[in-house]
Structures are given as C-alpha cells and as structure tokens.
Amino acid sequence: MQILEYNPAMIEPKWQQYWEEAGVFHALEDHTLPKYYCLIEFPYPSGEGLHMGHPRPYTAMDIIARKRRMEGYNVLLPIGWDAFGLPAENNAIKNHVHPRVITEENIARFRGQTKRLGFSVDWNREVDTTDPAYYRWTQWIFLQLFKKGMAYKAEMPINWCTSCKCGLANEEVVDGVCERCGSEVVRKVKNQWMLRITAYAQKLLDGLDTVDFIERAKAQQRNWIGRSTGAEVDFAIADSGETLRVFTTRPDTLFGATYMVISPEHPLVERMRDRISNCDALVAYREAASRKSDFERTELAKDKTGVAIQGVTAINPVTGKPIPIWVSDYVLMSYGTGAIMAVPGHDTRDWAFARKFGLPVVEVVAGGDIETEAYTDIESGVMVNSGFLNGLSVEKAKRKITQWLKERGLGEETVKFKLRDWVFSRQRYWGEPIPLVHCERCGWVPLPENELPLLLPQVEKYETTQDGESPLAAMGEWVNTVCPHCGSPAKRETDTMPQWAGSSWYFLRYMDPRNDQALASPEALAYWGPVDWYNGGMEHTTLHLLYSRFWHRFLYDIGVVGYPEPYLKRTSHGFVLGENGEKMSKSRGNVINPDEVIRDIGADALRVYEMFMGAFDQAIPWSANGAAGCRRFLERVWRMQEMLADSDEIREEVRADVHACVKKVSEDIERMKFNTAIAAMMTLVNTFYASGRVTRGEMKVLVLLLSPVAPHIAEEIWQRLGGKESLACRPWPKWDEEAMRKDEIEIAIQIGGKVRGRMMAPTSLTAGEGGQVLMEAPEVRALLDGRPVRKVIYVPGRLLNIVV
RNA sequence: GCCGAAGUGGCGGAAUGGCAGACGCCGGGGACUUAAAAUCCCCUGCCCGAAAGGGUGUACGAGUUCGAGUCUCGUCUUCGGCACCA
C-alpha cells in the first residue's frame, strides 16, 4: 500500500465527521451497563473564542473517557455553555444588541472550535444555561430553597461605582476601583437575596471526608469554611441588667481580658445610648468605617483605630474587675458576636491596640515576653495570674474554664464558621429572573411551579438604573403583576441570579437534558450520578465547587437526588502560560490561539503536546518547539507504516518492551501522569525504529494505547491496518507481568554506595542469595581488588552494594 | 500571619529509599542529497584529562541509612489560596 504523508488537515475532519454521524460517543440509556460519568467545567462562551485554558483540561478528561469506553463502560462525557454573564451584557449596553444574539454567535463559534479538537463528547446532550428550558429548572431549585427557608432577603453592602452609578460584581472591582472607569468604588447597602449556605457549613465540611478530591482543593475548602471551636462568654455591663456576649477561641485567657471591643455596627451603642456620654464620637466613627471601601478595610487599615465608650463599663466575670469597652473596626460585625474580649498579652491584634491606646497588658500564659509581643503559643504555655487555672496547660485550662462558665450560666462551648451566606442577587439583566413576587399583604410569594420558566423580558436599556436597580425594574408592565396567592396587586422581584446559579447543577441536567417534567428523571439521576470524575480549575474551588456541593446536598435533603455528594473525584489542571512564562493575555501579547496551532500542527499534535509538556497539575509555559516535537513524534508513528511486517505476532525481541509500555500507559493515565505515559510511547517507538521494523500486531497495540491522546491518527492507522470499526470501542490492551520478565538484567555494582561498575545478573536471583552468588563474579573481584568485605546488599534487578 | 504546593542540566521535565537527569526541546557531529529542507543514526549535567579514567552534582545546613532528589529536623526562596475571622 502506498503510504501518503501524514496530513492531519485531511484525516482530522474526516474522523470527526465519522464519529458524529455514526454516533460513536453517544451515552446509552441502557441502565444495565456499567456507567462512567466524566465531567469537564463547561465554558463561558466569550467573544474571544476558545483559548489555551480549554484544551488541556478537556483533553485530559477526554483521555479518561476514551480509555473508560475501551474498558467497556457506558461513558457520559457531556459539554454545555455557561452563557449568562457580564461580557455579553456589556456588549449589549455598548452596541444595543440583545445579549441573546451575541451569546448564540459565541456558542456557535465555541462549538465549532471545540469539535475541531476531537473530543469524544456526546453532542446530543448539550445544555445552555440561558435557554428557558434550562433555567426553568434553575428557578425551580431556587423556589425549593425559598420554600425551605434557605433563601431570605437581607441588607447587604454591594460594590457601587461612584462614577458609573451602578452596582459592580466583585470581579469588576480591581484594587478598589472600577475596572471600567477607574473611579472609586464604595459599599452601598441594598436589600438582597441571600442563600443560607452557612446552614450547610458542617455538612459541607464533613462531606469532604467522603470524597476523593485533590488534597489542596479539600484544604482550600476547609479553610474557606473556616470552622473554629471556642466559647461564647457573657460579660455583665456594670450597673445594668445588660450583658455583652463575645466569642473566643481562647477562653483560657479570660483572666487576661483587660478590655473589650465591639464592632462599629454593634447594637450595644444604640441600646445604651442614654448612658453613653460620647455617642456623637461613636456615631461619627461608625460612619467613617462604613464609608471605607473593602479595599481600605483590608489593605490600608492595619493600623488600629478606635474610640472608647464613655459611661459604660463591663465586668470581667472571673476577676470581677471593671474593664472598659472600645469600638473599633478591627472587630467585624459579621463574625462571632461582633464583640470580643481583648487579651492583649496573648493576641497580636489586641496587643497592637493596647499598645496604641495605653491599655493594660497582663500575662496569663507564661513562656513568652509580652513586653515585646503577644505570646500566642498554645502548645507549651502554662497558665499564670489566673486564679484557679494557675499551673494548668492551655488545653486543660480551656476545658476547665469552659466547664466553670457553663455551671454558672455565663457561657458555653460554641463552633463558628468563617463561611458567609451567599449573596444571590444581581442588579443585572443577563441572568435568571428570580421567580418571586412581593405582595403587600402576603409578603414574598413564589410563582406556582407550572408558571416556570419566568422568562427574561425584553428591555429597552441593559444598564443598571441610576439608583442601582436591575434594568428589569424599569419594565413597569413586567414588574406589576398580581399575587399568585391572594390576587392583590404585587410586584415582581427585579434582581436576577448570579452566574453561579446555572453552573451549580448543570451536571444533573446532562443526565436527562430534554426532560420537561423534572430537572432530570429519577431513573437517570440514579443511574448516572454521582459524577465519577470531575476535573476543573483551582480558581473554582471556593465558589463554583462549594456552591454546587451545597445545592446538591440540599437536593439530597429534599429527596431529589439519592446521594449527598455530587462529585466522587475532583482533580485540577495547571494553566498553560505564554512562551515567556507569564500568564497568557492580550495585553502581554503572548496569547497562543488553538485554531492556529491546529492549522499548523493538527489537533492530535496539539493534544499530545498539551499532555506532554509537563506535570498535568502544574502551570507550564507554551513552547512552539516543544509542540513541533510532538508533531514529529506523530510523524514517526505514521512512518512506521513503511516498516510494517505482515504479522499479527508480537516479536520475542520486543515483547517485554510492549508489555511494559502497556502497563506504564495504563497506570499513568489513571494517575493523570500523561507526560510520562506519552514518554513511554515515544520510547517504544524508538525501540521499533531501532529494530528496523514493526509487526501489524505490535502496531495495533501502539495505536490503541495512543488513541485516547491522539484519536484521529490512531483511527486512520487502525483502519489502514484493516480495522473495520472505530477503535474507540475496541478493548483496551492488557499487559502480562510474565511477558515483561527478562532472564538477565544489567545491575550496578556499588562499593560503599558509589557506582563503580556494571554487570549482567540473572533476574531469578533473590535478595538473600544474590549477594553470595554475585560476589564470585569476575567483575566484582576486579573491583574489590582483595579488600575485606564487611557487608553485601543485593537489590534484585537493581544493584549490588558492597561495604568494605 | 495562617493553610497548601514546589525548588533537579541551556530549557520543559523523569526517578515504589536503590545506577540522578527517562522522554522531549535546544545545541553539536555523521549518513542521505549536486545542494538545502525533511528524514535516519550518534553525542550532549559540570570540572580535570588527549584518552582510559577520576572528581563533583538535585536551594542551603545538619541527621537517619550499606545507600537520600526521595525520610527527619532546621534555614532560605518561589508560587497559589485565605487573612484585623477573635
């Protein structure tokens, strides 16, 4: 047969078309088959088109999916579009084109680009979060959350651009200023929908112990949830019936609490207004604090400020001494009780504050020097100046004081989380409308489920209104409606949902994407779920990944899904950087366009390089030379057709190498060690070249191993080898440990741990007998040169170490 | 400050406590060619040496071990996340 040159521009579209027309990658609804659900993070279809951030993780999961298929699984590898979001909306504002129009164009472009990469995706299951048939169920889930009391309205600050007069998402605030106009961003309090994710803090934390996520993702989520155990303690306010409750993780240091601090917003100030003599100063301080942007609070406010409350004093419950109460913005209203007991001897922030304002510092844990800094070590300290706690370790003192407080009704052990409730409202157009109406008589009323989806109305302007309302608020006809409950006049909620809503459950929709009775049928949910393997970016660990675990856990609690955790396994990829080692960006001018790379070297070579360039979980700079090298590797595989021997055998001389390669590739793919899997295939190809030929049987094994990574060339060669159907459904090759065994192997001879020579040794030698046998070998005797031997260690197949 | 990951040739990177640098890139040499490209073969950590060979080497300093890139302790650096969270 005439072997033409390797031409990916011909064979890649050909096989893509074949796969699609033959439906090779359609997940089957035969629920008796063993299933495997591979999930990739669905892209936001931006106007820029696919970028290098997409092919790497997608290729990785495609490799897993293709291997699973060859192992006999009914594989689900779906894709869709997370298409609500700001760029389409900003484009609408600028060009007065409905976001739907640009979104559809972008999706079409993304779809085409994605298909050119040859992923084994089931294109029949595409979802689009902006499709009413999809967001109907996003709204439905929101209504269930609302009905279970998990959604509520609260006054929350939003980012407000003082120049654009509009609300901004956190992502739009860069270094404290508006991303678009560079003006100052302040916090403006608005009434917003909130989701009670904090009610699930413990469940989300515990669930992590039951799933196989990469450790750093678990650690990051644990950190974000931020559980800490401590005690709440009541401090009496002198000469009143009032108490001030604090949360502390160090109840053991109670004897060292020399003052208290409340946050500027703490209700105590209002409650005791008539007794406080410097109310004006406190109110002024509170207002100054509220005007501070988040940026100022976190970046510029390390220097402590505060005002002492005049006229009100607290009593330390263990010492009985009166202590002053201060107001300072280093205490946050949103954590704990909004008030602290300050122990300047043993807390760095309290220490700095006490130093600045001349407050007393008392040592209650010995071991440090509180004149120079706060002593915060809880491991080795011993209690002093602490009455009945003296002499105890910190750990014992904690338990004893907590018990003491509990017996007197002054406090109790408590758990707090850093996790905050999820701000779910956006004053934006391009998002899911929140399906609630507000009735004067009934309050917030959910739309009946049979009225879903609540469609996004056509608007004249896409901008947030002057007073920070969603553009929907300007649509009087749409806003004014009647209460579904009592029929009185009512107004629709005009805020929309955040982009995180649609992505919080999309993996469920893939299981049954056209169902119009439920978000997915119970049968499909039971069969396909949970997701077996989910790969995605680390940047989504604390938002998308946590949000979707929360929604899923909620759906489990209300009986919609039958398993508490949505993802059994989570892995993460490293970014592809520009050739200069910096993050790819237009402004840096180092963007590599996947379309151009496919044009230059082909999709297969791109896929091979993306997987070969380095460890999958690490960021790696792009290298055009490296990519060209992968194209060369495929050329070498292709040209092996010219040295093909007409035999289905695997030759004795290469048998061990072939089996070793099968083993290496099989195991490395499971560990996502794609780079070494590809290196093993390169090594095998080098072996074939060295032997001058390859049999058809050997070639078939190689092509099957290569097919998950470079599927087009693999299909083409497979067909030329006489394969009748797609190799995507051929069984994955097996290896035989016996076949990998050789009679003799080269080992190193070490003297005192240093390599001094090599020799051939029979592989049958065991560690025990090997030393004795090999000591007689002439190579060893020559190296020893008669020196006395103290000890001999033989590591079978590796080395002989002689201690002299 | 806290949590996490990582420091290996000119470069990307390999190495269940067992021959450091697999595989690829870059570079050098050879074959083929009128020539070039492509391709095929060989060399390629550093230092000394004509060579044989020797020395040295995985951020730094100690330690455990017959043997350490790998394990332990300490130090430094880089990257990622969180951060007045009591």
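Chain A is the first sequence line, chain B the second, and so forth, proteins listed ahead of strands; every chain is numbered from 1.
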Which part of the nucleic acid does [X] contact within heavy-atom distance under 4.0 Å: base, sugar-phosphate only, or nothing?
| X | value |
| --- | --- |
| A:Gly226 | nothing |
| A:Glu635 | nothing |
| A:Thr348 | nothing |
| A:Thr249 | sugar-phosphate |
| A:Asp350 | nothing |
| A:Tyr689 | sugar-phosphate |
| A:Arg222 | nothing |
| A:Lys416 | nothing |

If I pick the [atom1] atom on [M] and the same atom on [N], what distance separates them, to the nearest angstrom?
| N | M | atom1 | answer |
| --- | --- | --- | --- |
| B:G69 | B:U58 | C1' | 5 Å |
| B:G81 | B:U65 | P | 42 Å |
| B:A38 | B:A31 | C1' | 14 Å |
| B:G18 | B:A68 | C1' | 10 Å |
| B:A35 | B:C26 | C1' | 25 Å |
| B:G53 | B:U44 | P | 13 Å |
| B:G57 | B:C47 | P | 15 Å |
| B:A86 | B:C79 | P | 27 Å |

Sequence neighbours left out, what passes side-chain hydrogen bond (donor to acceptor under 3.5 Å, both in side chains) with [X]? Give chain and number order.
| X | result |
| --- | --- |
| A:His266 | none |
| A:Trp351 | none |
| A:Arg196 | none |
| A:Ser764 | none |

Worksheet entry | Electrostatic pair A:Arg631:A:Asp600 at N-O distance under 4.0 angstrom | no
Worksheet, complete the sentence: 5'-most contact on RNA chain B (nearest-nucleotide basis), A:Gly629 vs A:Thr542, goes to A:Gly629
Worksheet item: For A:Arg632 and A:Trp224, take the nucleotide of RNA chain B holding the closest heavy atom to each; which residue's nucleotide lies nearer the 5' end?
Response: A:Arg632
Discussion item. Counting the benzene-type ring for Trp, do A:Phe357 and A:Tyr259 have ring centres under 6.0 Å apart?
Written reply: no
Fill in: Selection residues 606-628 of chain A - residue pairs positive for side-chain hydrogen bond (donor to acceptor under 3.5 Å, both in side chains), sequence neighbours left out
A:Asp62-A:Arg607
Worksheet item: Which side-chain hydrogen bond (donor to acceptor under 3.5 Å, both in side chains) pairs, counting each pair once, include a residue from residues 794-804 of chain A, with sequence neighbours left out?
Response: none
Discussion item. Can you give me the closest heavy-atom contact between A:Pro324 and A:Leu359, atom names plus distance?
Written reply: CG-CD2, 4.2 Å
Item to complete: Heavy atoms only: give me the nearest A:Met52-A:Ile592 pair and the separation to one decimal.
Response: CG-O, 3.5 Å
Show me the donor-acceptor pairs within less than 3.5 Å that the side chains of residues 676-683 of chain A make with the rest of the protein, sequence neighbours left out.
from, atom 1, to, atom 2, distance (Å)
A:Thr676, OG1, A:Asp668, OD2, 2.7
A:Thr676, OG1, A:Lys673, O, 3.1
A:Thr683, OG1, A:Ala679, O, 2.8

Worksheet entry | Between CE on residue A:Met260 and CZ on residue A:Phe235, distance to nearest 0.5 Å | 4.5 Å
Fill in: A:Phe612 side, atom CZ; A:Ile620 side, atom CD1 - distance, nearest 0.5 Å
11.5 Å
The side chain of [X] lies closest to which of these nucleotides: [options]?
| X | options | answer |
| --- | --- | --- |
| A:Phe247 | B:C82, B:A86, B:C23 | B:A86 |
| A:Val803 | B:C66, B:C23, B:C40 | B:C66 |
| A:Asn625 | B:A86, B:C25, B:C40 | B:C25 |
| A:Asn801 | B:A20, B:C23, B:G18 | B:G18 |

Worksheet item: Are more than 12 heavy atoms from other residues, nucleotides or ligands located less than 6.0 Å from atom CE of A:Met643?
Response: yes
When the distance from [atom1] of [X] to [atom2] of [N] is rounded to whole Å, what number comes out?
| X | N | atom1 | atom2 | answer |
| --- | --- | --- | --- | --- |
| A:Tyr330 | B:A83 | OH | C1' | 16 Å |
| A:Ile225 | B:G81 | CD1 | C1' | 14 Å |
| A:Arg636 | B:U39 | CZ | P | 10 Å |
| A:Asp617 | B:C79 | CG | P | 18 Å |
| A:Asp668 | B:A22 | CG | P | 17 Å |
| A:Phe633 | B:A38 | CZ | P | 20 Å |
| A:Glu579 | B:C25 | CD | C1' | 12 Å |
| A:Met333 | B:A86 | CE | C1' | 13 Å |

Item to complete: For residues 674-690 of chain A, pull every pair meeting salt bridge (Lys or Arg N to Asp or Glu O under 4.0 Å), keeping only residues two or more places apart or in separate chains.
Response: none
Practice prompt. Return one dot-bracket line describing RNA chain B 5' to 3' (Watson-Crick or G-U wobble pairs, both distances under 3.5 Å; ( ) same strand, [ ] crossing, | another strand, . none).
Written response: (((((((..(((.....[....))).(((((.......))))).((((....))))..(((((..]....))))))))))))....
Worksheet item: Quick one: is A:Arg639 getting a side-chain N or O under 4.0 Å of the B:A38 phosphate, OP1 or OP2?
Response: no
Item to complete: Verify the contact: side-chain N or O of A:Thr541 to OP1 or OP2 of B:G81, cut-off strictly under 4.0 Å; return yes or no.
Response: no
Under-3.5 Å N/O pairs linking protein and nucleotides 52-54 of chain B:
none

Fill in: Derivation of the salt bridge (charged side-chain N to carboxylate O under 4.0 Å, His left out) call for A:Asp329 and A:Lys304
CA-CA 8 Å; A:Asp329 65 359; A:Lys304 303 272 183 296; over 6 Å; no
Discussion item. Return a single string for nucleotides 2-15 of chain B, one symbol per nucleotide in 5' to 3' order, where B is base contact, S is sugar-phosphate-only contact and - is none, cutoff 4.0 angstrom on heavy atoms.
Written reply: -SS-------BSSS
Please produce a list of atom pairs where a protein N or O lies less than 3.5 Å from an N or O of nucleotides 29-33 of chain B.
none

Fill in: B:G69 glycosidic torsion: syn (within 90° of 0) vs anti
anti
Discussion item. Is it true that A:Asp657 and A:Thr687 share a donor-acceptor pair across their side chains at a distance under 3.5 Å?
Written reply: no
